[in-house]
Amino acid sequence: MSQQIDAAKLQQRIQTGDTLNLLDVREAIEYHTFNIGGQHIPVSKLKQNISSINYNKTDEIIVICSAGIRSDTAQAILTESGFQNVVNLKGGLKALQKLNNK
C-alpha cells in the first residue's frame with residue numbers, strides 16, 4: 001500500500017510551518033499557472049531526470065499533481081529508484097484548493 005497524505009493534513013503541516021519536500025509532477029504550464037512551491041519535474045520527464053531531484057533518498061517527499069493520478073505514477077517511479085519515504089497527495093491540488101475554498 002502506498003503512503004498518502006490528505007489535503008487537510010498537508011494544509012495543517014503548511015500552516016504550522018513544517019519543512020516540506022514537495023515534488024510537483026504536473027506539466028510546466030500547470031505549474032506556472034498555480035503551485036504551492038517545491039521542486040518541479042513533470043512526470044513525463046521524471047525517469048530521465050531522477051538524478052536532479054534535490055532531496056535525499058531517505059527524506060520524506062510529498063509528490064503532488066492536479067488530482068493525485070500522475071503523482072501516484074511518480075511515487076512508483078521514485079520508489080523503484082530507491083526513494084524510501086514517498087507520499088502521494090490524495091486528490092492532488094484540486095483537493096487542497098477545494099479545502100481552501102470552503
Side-chain angles (χ1 to χ4, degrees):
M1 175 87 186
S2 60
Q3 291 184 340
Q4 295 194 346
I5 187 171
D6 64 30
K9 180 71 175 166
L10 180 60
Q11 175 87 357
Q12 179 184 13
R13 289 183 64 187
I14 290 168
Q15 289 173 343
T16 58
D18 278 9
T19 300
L20 301 172
N21 299 317
L22 302 173
L23 180 62
D24 192 320
V25 296
R26 298 173 301 151
E27 294 302 316
I29 187 73
E30 296 171 282
Y31 182 80
H32 293 295
T33 301
F34 169 79
N35 71 75
I36 60 170
Q39 187 174 4
H40 172 241
I41 304 174
V43 72
S44 60
K45 298 181 171 110
L46 188 57
K47 281 185 182 179
Q48 60 265 43
N49 290 295
I50 206 97
S51 63
S52 66
I53 292 177
N54 294 334
Y55 311 122
N56 294 317
K57 290 197 173 191
T58 55
D59 290 345
E60 178 191 53
I61 302 172
I62 300 173
V63 189
I64 55 178
C65 68
S66 292
I69 297 165
R70 286 176 284 179
S71 55
D72 188 53
T73 301
Q75 182 180 33
I77 292 168
L78 291 170
T79 301
E80 289 168 12
S81 299
F83 288 86
Q84 299 165 20
N85 192 7
V86 185
V87 181
N88 182 23
L89 174 58
K90 186 178 179 181
L93 288 174
K94 288 181 181 176
L96 194 62
Q97 288 174 308
K98 187 176 181 181
L99 188 69
N100 289 329
N101 290 333
K102 283 187 177 176

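One-based numbering along the sequence shown.
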note = By side-chain hydrogen bond (donor to acceptor under 3.5 Å, both in side chains), Gln11 pairs with (sequence neighbours left out) Asn100
request  = Treat each ILVMFWY residue as a node, draw an edge where side-chain heavy atoms are under 4.5 Å apart, and state whether Ile14 and Phe34 are in one component.
outcome  = yes
task = For Thr33 and Ile29, work out which heavy atoms get closest and say how close.
result = OG1-O, 2.6 Å
query = Would you find a donor on one side and an acceptor on the other, under 3.5 Å apart, between the side chain of Asn56 and the backbone of Thr58?
reply = no
query = Asn35 versus Ile64: any side-chain heavy-atom pair under 4.5 Å?
reply = no
Leu89-Ile69 co-clustered via ILVMFWY side chain contacts under 4.5 Å = no
inquiry  = Under 4.5 Å between side-chain heavy atoms, counting indirect links through other Ile/Leu/Val/Met/Phe/Trp/Tyr residues: same cluster for Leu96 and Val87 or not?
reply    = yes
key: Residue pair Ser52 / Ile41, side-chain heavy-atom distance below 4.5 Å   = yes
query = Are Ile5 and Val86 in one and the same hydrophobic cluster, where Ile, Leu, Val, Met, Phe, Trp and Tyr link if side-chain heavy atoms are under 4.5 Å apart?
reply = no
Side-chain heavy-atom pair Ile36, Leu20 within 4.5 angstrom cut-off = no
task = Rounded to the nearest 0.5 Å, what's the gap from NZ on Lys94 to CD on Gln97? Could you check?
result = 9.0 Å
message = How close do Ala74 and Leu46 get, counting heavy atoms only, and between which atoms?
response = CB-CD2, 3.6 Å
query = Which value, rounded to the nearest 0.5 Å, describes the distance between Ile62 atom CD1 and Asn85 atom CG?
reply = 9.0 Å
query = Heavy atoms, side chains only, cut-off 4.5 Å: are Asn54 and Asn21 in contact?
reply = no
task = Kindly assign one of parallel, tilted or perpendicular to the pair Tyr31 and His40, based on the angle between their ring planes and the thresholds 30° and 60°.
result = parallel
Gln75 side-chain N/O to Gln4 backbone N/O, donor-acceptor pair under 3.5 Å = no
inquiry  = Is it the case that the side chain of Tyr55 and the backbone of Leu22 share a donor-acceptor pair, with hydrogens and angles ignored and the cut-off at 3.5 Å?
reply    = yes
task = Please report the C-alpha distance between Leu23 and Leu78 in whole Å, then the side-chain angles of each, then the deciding distance to 0.1 Å, and finally whether the side chain to side chain contact (heavy atoms under 4.5 Å, CB included) criterion is met.
result = CA-CA 11 Å; Leu23 180 62; Leu78 291 170; 3.8 Å; yes
ask   = What is the distance from atom CD of Gln3 to atom NZ of Lys90, rounded to the nearest 0.5 Å?
value = 14.0 Å
query = Looking at residues at least two apart in the chain, or sitting in another chain, which of them share a ring pair (Phe, Tyr, Trp, His ring centres under 6.0 Å) with Phe83?
reply = none
request  = Sorted by first residue and then second, give each salt bridge (charged side-chain N to carboxylate O under 4.0 Å, His left out) pair with at least one member in residues 51-72; sequence neighbours left out.
outcome  = Arg13-Glu60, Glu30-Arg70
task = Calculate, to the nearest 0.5 Å, the distance between atoms CG and NZ belonging to Asp18 and Lys9 respectively.
result = 8.0 Å
ask   = Yes or no on side chain to side chain contact (heavy atoms under 4.5 Å, CB included) for Ile77 and Val43, after CA distance, side-chain angles and deciding distance?
value = CA-CA 9 Å; Ile77 292 168; Val43 72; 4.3 Å; yes
Heavy-atom pair with the smallest gap, counting every atom of Cys65 and Arg26 = CA-CG, 3.4 Å
